[in-house]
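Note that these values count all heavy atoms, side chains included, but never hydrogens, waters or copies made by symmetry. The shown structure was predicted, so the numbers you read here are calculated from the model rather than taken from an experiment. A note on names: the letters A, B, ... follow the listed sequences, proteins ahead of strands, and every chain is numbered from 1.
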2 protein chains.
Amino acid sequence: MSKYARILNNIKRYVSLTVEEEEITSIITSSRIKKKQYIIQPGFVCRNRTYIVEGAFRVFYLDEDGKEHTVSIGVEDWFVTDFFSYINQTPALNYAEALEDSHIFQMPYEDIEPLCKEIHALSEYFRITTEKAFAFSRRRVISNISMTAEQRYDDYTEKYPHIVKRVPQYVLASYLGMSQEFLSKIRKRKMHKS
Amino acid sequence: MSKYARILNNIKRYVSLTVEEEEITSIITSSRIKKKQYIIQPGFVCRNRTYIVEGAFRVFYLDEDGKEHTVSIGVEDWFVTDFFSYINQTPALNYAEALEDSHIFQMPYEDIEPLCKEIHALSEYFRITTEKAFAFSRRRVISNISMTAEQRYDDYTEKYPHIVKRVPQYVLASYLGMSQEFLSKIRKRKMHKS
DNA sequence: AGCAGTTCAAGTATTTTTCTTAAACCACTT
DNA sequence: AAGTGGTTTAAGAAAAATACTTGAACTGCT
């Protein structure tokens, strides 16, 4: 079984692969990232699509006041990317930080592009997964403007209980768009009710 | 007073500068690095000479057994570089890790080279500081082969007491070429004697 | 045999990170 | 004017991670 079985299986959930496997794996590099390390930093171009084999990451930006806003959280079998930086190959504005010791696969932009031209299935894979991610982020925007903090928390907890359990509370708060303290209060309220 | 006063003053300890100051500072970028972050990683080219304005770094490599060997430790007014990678502009084999939250100035290889051709004083500065660093590393090699672990510890403690106080013991042990446990025992022995 | 040193494993101490709580405050609704 | 939904600041507690110590068993050398 290939070292890259995990990502190949993921690809095969969306498209079917035959002889292309080797071509695809030839552009992948595998690495291990320790908790707290950044794989993307403001000022540097995001050169890779990064697939999480094991572990968890978040993408966040630091506003002028030094406050962190978590843009996305990803665990196994998700991609972490600063999409704007990646697509335009311009310097990133965000950080991508490992929330746990993690194992990742990376594929560089300059290799993916020609390969997608060549391999239809690969192109399809990225199209579909990107569309999903985009749709997801759209819904998040909506939920942010139309719901109260508590509703956002409930909503997210219901849909992603495993993620809620896994990430530090301040990360979750900055993802859900509220202060850490307020999230702490929401949780306390719930405990007393139940 | 310039934002870059600290490095300019350091340069002026070795050579005299007149009008060149601005040209030099124009290639410097300033950044803040949090404890535990790497500024150099295996596989990536070390593009910069990094001057420590405030904080501390170490350079280490990870052997096949996963053991860390600290190659150098630097504090304020020292440079941290993977020299082999920097000079040849080839991928590094070492990590450079912040041991504290730090403030650094960086000058890229591709800017330094032409500037050294142009500004004699700058060339002199790098020549002298590099020679010092080289001589230092030579002596270290000698001390490593000719002294016992305890002698190396005594020697280093005498010369750099401020560094000994500042870095974690396991870093010092991996720098002095002994196990952490053994260093702990050496220290214990000393305590009882004195 | 004995010294200089290592590895492994378990336990403790210390530091850092994360979470909680309270108080004072702001902006909207009602 | 008062209640709701939220923020900020600051201090303290709890939890987790890191760093250090210790002992035992072992290696290689003289």
Side-chain angles (χ1 to χ4, degrees), chain A residues 33-38 55-56 58 60 63-70 73 97-102 143-155 157 163-193, chain B residues 33-38 55-56 58 60 63-70 73 97-102 143-155 157 163-193:
Chain A
I33 306 293
K34 291 239 210 86
K35 186 170 172 174
K36 297 252 153 128
Q37 289 297 328
Y38 303 140
R58 66 165 175 148
F60 69 94
D63 68 21
E64 319 74 51
D65 306 340
K67 205 173 292 177
E68 298 175 357
H69 301 267
T70 297
I73 299 175
E97 178 196 38
L99 295 173
E100 307 170 358
D101 290 355
S102 301
S143 102
N144 266 305
I145 55 181
S146 65
M147 290 170 156
T148 66
E150 181 159 4
Q151 287 170 328
R152 294 196 301 272
Y153 171 72
D154 288 343
D155 193 49
T157 305
I163 293 183
V164 170
K165 273 179 222 130
R166 212 162 153 183
V167 308
Q169 196 172 64
Y170 73 90
V171 166
L172 186 60
S174 79
Y175 179 80
L176 294 175
M178 67 188 83
S179 66
Q180 196 199 156
E181 296 86 344
F182 195 62
L183 178 49
S184 175
K185 280 168 200 163
I186 289 177
R187 282 184 158 167
K188 196 186 176 191
R189 251 182 353 233
K190 301 212 175 283
M191 275 184 53
H192 291 313
K193 278 192 202 149
Chain B
I33 306 293
K34 291 239 210 86
K35 187 171 170 173
K36 298 248 151 131
Q37 289 295 330
Y38 303 139
R58 66 163 174 151
F60 68 94
D63 68 21
E64 320 73 50
D65 307 339
K67 205 173 294 176
E68 297 175 358
H69 301 266
T70 298
I73 299 175
E97 177 195 40
L99 295 172
E100 306 171 358
D101 290 355
S102 301
S143 103
N144 265 303
I145 54 180
S146 65
M147 289 171 155
T148 65
E150 181 160 3
Q151 287 170 330
R152 294 196 301 272
Y153 171 71
D154 288 343
D155 192 49
T157 306
I163 292 183
V164 171
K165 273 179 223 130
R166 211 162 153 183
V167 308
Q169 194 173 64
Y170 72 91
V171 167
L172 186 60
S174 78
Y175 179 80
L176 294 175
M178 66 188 82
S179 67
Q180 197 199 156
E181 295 88 340
F182 194 62
L183 178 48
S184 174
K185 282 164 199 169
I186 288 177
R187 282 184 158 166
K188 197 187 175 191
R189 237 160 34 211
K190 300 211 176 284
M191 275 185 53
H192 291 315
K193 276 191 202 149

Novice: OH of Tyr175(B) to CZ of Arg152(B): how many Å apart, nearest 0.5 Å?
Specialist: 11.5 Å
Novice: With the side chain counted from C-beta on, respond yes when Arg166(B) and Ile73(B) share a heavy-atom pair under 4.5 Å apart, and no when they do not.
Specialist: no
Novice: Look at Glu97(B) together with Lys34(A) and state whether they make a salt bridge at an N to O cut-off of under 4.0 Å.
Specialist: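 So Glu97(B) does not pair with Lys34(A) through a salt bridge.
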Novice: Heavy atoms under 4.0 Å, any strand shown: does Lys185(A) hit a base, just sugar-phosphate, or nothing?
Specialist: base
Novice: Taking 5' to 3' order, which nucleotide of DNA chain C is first and which is last to have an atom within less than 4.0 Å of a heavy atom in chain B?
Specialist: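 Range of nucleotides within reach of chain B: dG5(C) to dT16(C).
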Novice: Roughly how far apart are Ile163(A) CD1 and Leu99(A) CG, rounded to 0.5 Å?
Specialist: 10.0 Å
Novice: By nearest heavy atom, map Lys35(A) and Glu181(A) onto DNA chain D; which one lands nearer the 5' end?
Specialist: Glu181(A)
Novice: Classify Phe182(B) by what it touches in the nucleic acid, base, sugar-phosphate, or nothing, heavy-atom distance under 4.0 Å.
Specialist: base
Novice: DNA chain C: Met147(B) or Lys36(A), which has the more 5' nearest nucleotide?
Specialist: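 Closer to the 5' end of DNA chain C: Met147(B).
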Novice: State the CG-OH distance between Leu183(A) and Tyr170(A), to the nearest 0.5 angstrom.
Specialist: 13.5 Å
Novice: Once rounded to the nearest 0.5 Å, what's the spacing between atom CE of Met178(A) and atom CG of Leu176(A)?
Specialist: 4.5 Å
Novice: Could you check whether Ser179(B) gets within reach of a base, just the sugar-phosphate, or nothing at all, counting any heavy atom under 4.0 Å?
Specialist: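 Answer is base: heavy atoms of Ser179(B) come under 4.0 Å of a base.
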Novice: Tell me, with the steps shown, if Gln151(A) and Asp154(A) meet side chain to side chain contact (heavy atoms under 4.5 Å, CB included).
Specialist: CA-CA 5 Å; Gln151(A) 287 170 328; Asp154(A) 288 343; 5.5 Å; no
Novice: Need two values: the first and the last nucleotide of DNA chain D, 5' to 3', having an atom under 4.0 Å from any heavy-atom of chain A.
Specialist: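 Range of nucleotides within reach of chain A: dG6(D) to dA17(D).
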Novice: In a check of side-chain hydrogen bond (donor to acceptor under 3.5 Å, both in side chains) between Glu150(B) and each of Lys185(B), Arg187(B), Lys190(B), which one passes?
Specialist: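 Answer after filtering Lys185(B), Arg187(B), Lys190(B): Lys190(B).
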